[in-house]
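One structure is given below, encoded as structure tokens.
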Protein chains: 2
Amino acid sequence: MALATKKLPSAKLRSAAFKRVRADHSAELAGDYVEMIADLIDERGEARCTDIAMRLGVANATVVKTLKRLQTAGLITQEPYRAIFLTVEGWKMAEDGRRKHAIVEKFLLALGVSQETARIDSEGIEHHVSTETLRAMGKFLARNGG
Amino acid sequence: MALATKKLPSAKLRSAAFKRVRADHSAELAGDYVEMIADLIDERGEARCTDIAMRLGVANATVVKTLKRLQTAGLITQEPYRAIFLTVEGWKMAEDGRRKHAIVEKFLLALGVSQETARIDSEGIEHHVSTETLRAMGKFLARNGG
DNA sequence: TTGAAAGTTTAGCATAGGCTAAGTTATATG
DNA sequence: CATATAACTTAGCCTATGCTAAACTTTCAA
Ligand SMILES: [Mn+2]
Ligand SMILES: [Mn+2]
Ligand SMILES: [Mn+2]
Ligand SMILES: [Mn+2]
């Protein structure tokens, strides 16, 4: 191949990547919420607004507003002044999220980063990992101490 | 260790991860813009609004609005109806972004995913990779076909 | 040299996701 | 059982990031 003839992707192809990122981010908050609600239910029997706000590091009112959107989206159910429950669809999303999150976090550990860094970086990375990349991470884990 | 005594992080520690993700996302758009502007200047001599909009897959007016914020942030300069330039700070951010982005993309390739998937997934992942994880990816690349 | 096309800007709208402050309900304690 | 405290909700504000439609400027070609 002649000098400086590396093929560059078309604008169309490039935009596909950014569209994927924007789609990932649209789904991200819902994914983190349902995963956290599932954790709270498993760890302490119920998921409360305050606990979610604490763990996310946001104000209570922010959680309330987001929960309304999740309810509209059919992921949770709630009654005034009561704890929060996941719908069947919510549980499914939570478990898919947990599975993916766990693989990404273990993968980072196996790559050699600290527990702390794996925990923190995986919280963002998990939402941008395609099925193909997740499989590659899984294989790496199987080869190395998974 | 007794059964089911895996130590769970405190709410404070957990919230740190989400705060990092929110901070990453605040910086993300600016990072992608300056990197793209740098690419356009290198590839075709100038960065135009329309080209940015095409590559991002958003409307022209969206780009105009975002560029105003970048100008306020001191990353670009522009005059009405003219092409866009990067400030010294803008170039620095663009080059840091390129370096990180390239490592993440090559890392995914070395992990065994397709060119296409590496290109797409790295566009989101790059913004959530800490210095420590980036170093670990670099080491992996050095060991395998980097 | 003068229009038409291409590119840029402005105006106005929407939603997501943050916040604080104030009001409401439930719960625990004396 | 009364009330203080904790938890939840509502109202109202803000910024970021999308959009369309309309107006404006530059550029290119006839
Ligand atoms: Mn997450
Ligand atoms: Mn990038
Ligand atoms: Mn990116
Ligand atoms: Mn992200």
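Every chain is numbered from 1, with letters handed out A, B, ... down the list of sequences. The model shown is predicted, which means the values in this text are computed figures rather than measured ones.
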**Prompt:** Distance check: side-chain N/O of B:Thr50 vs OP1/OP2 of C:dT8, anything under 4.0 Å?
**Reply:** yes

**Request:** Name the nucleic acid region contacted by A:Val64, choosing base, sugar-phosphate or nothing; use a 4.0 angstrom heavy-atom cut-off, strictly under.
**Result:** base

**Item:** Nearest-Å distance for atom pair CE/C1', residues B:Met54 and C:dA6
**Value:** 12 Å

**Message:** Ring-plane angle category for B:His25 and B:His128, please: parallel below 30°, perpendicular beyond 60°, tilted otherwise.
**Reply:** perpendicular

**Prompt:** Which side chain to side chain donor-acceptor pair (under 3.5 Å) pairs, counting each pair once, include a residue from residues 108-120 of chain B, with sequence neighbours left out?
**Reply:** A:Glu132-B:Ser114, A:Glu132-B:Thr117, B:Ser114-B:Thr117, B:Glu116-B:Arg119

**Gap between atom CE of B:Met54 and atom CZ of B:Arg48 - 0.5 Å precision** = 9.5 Å

**Request:** Nearest whole angstrom, please: distance from the C1' of C:dA14 to the CZ of A:Arg69.
**Result:** 13 Å

**Cationic N near anionic O, under 4.0 Å, B:Arg44 to B:Asp51** = yes

**Message:** Without decimals, in angstroms, what is the distance between A:Leu29 CG and C:dT15 C1'?
**Reply:** 13 Å

**Fill in**
Atom CD of B:Gln78 and atom C1' of C:dG7 are separated, to the nearest Å, by 14 Å

**Complete:** Between B:Cys49 and A:Gly57, the residue closer to the 5' end of DNA chain C by nearest nucleotide is B:Cys49

**Message:** I need the CD-P distance between A:Glu46 and D:dA6, as an integer number of Å.
**Reply:** 17 Å

**Item:** Given DNA chain C, 5'-ward residue of the pair A:His25 and A:Tyr81, judged by closest heavy atom
**Value:** A:His25

**Asked** Any idea which of C:dA26, D:dC19, D:dT10 is nearest the B:Ala61 side chain?
**Response** D:dC19

**Asked** Just how far, in rounded Å, is P of D:dA7 from CZ of A:Arg48?
**Response** 5 Å

**Item:** Interatomic distance, A:Leu67 CG vs D:dT9 P [rounded to whole Å]
**Value:** 8 Å

**Item:** Nearest-0.5 Å distance, CD of residue B:Glu126 to NZ of residue B:Lys100
**Value:** 8.0 Å

**Asked** Within the pair B:Arg22 and D:dA16, is there a side-chain N or O less than 4.0 Å away from OP1 or OP2?
**Response** no

**Prompt:** Between atom CD1 in B:Ile84 and atom C1' in C:dG7, what is the gap in whole Å?
**Reply:** 11 Å

**Request:** With the side chain of A:Thr62 defined as its heavy atoms from C-beta on, choose the nearest nucleotide among C:dG18, D:dG18, C:dT10.
**Result:** C:dG18

**Asked** Are any of A:Lys65's side-chain N or O atoms less than 4.0 Å away from OP1 or OP2 of C:dC19?
**Response** no

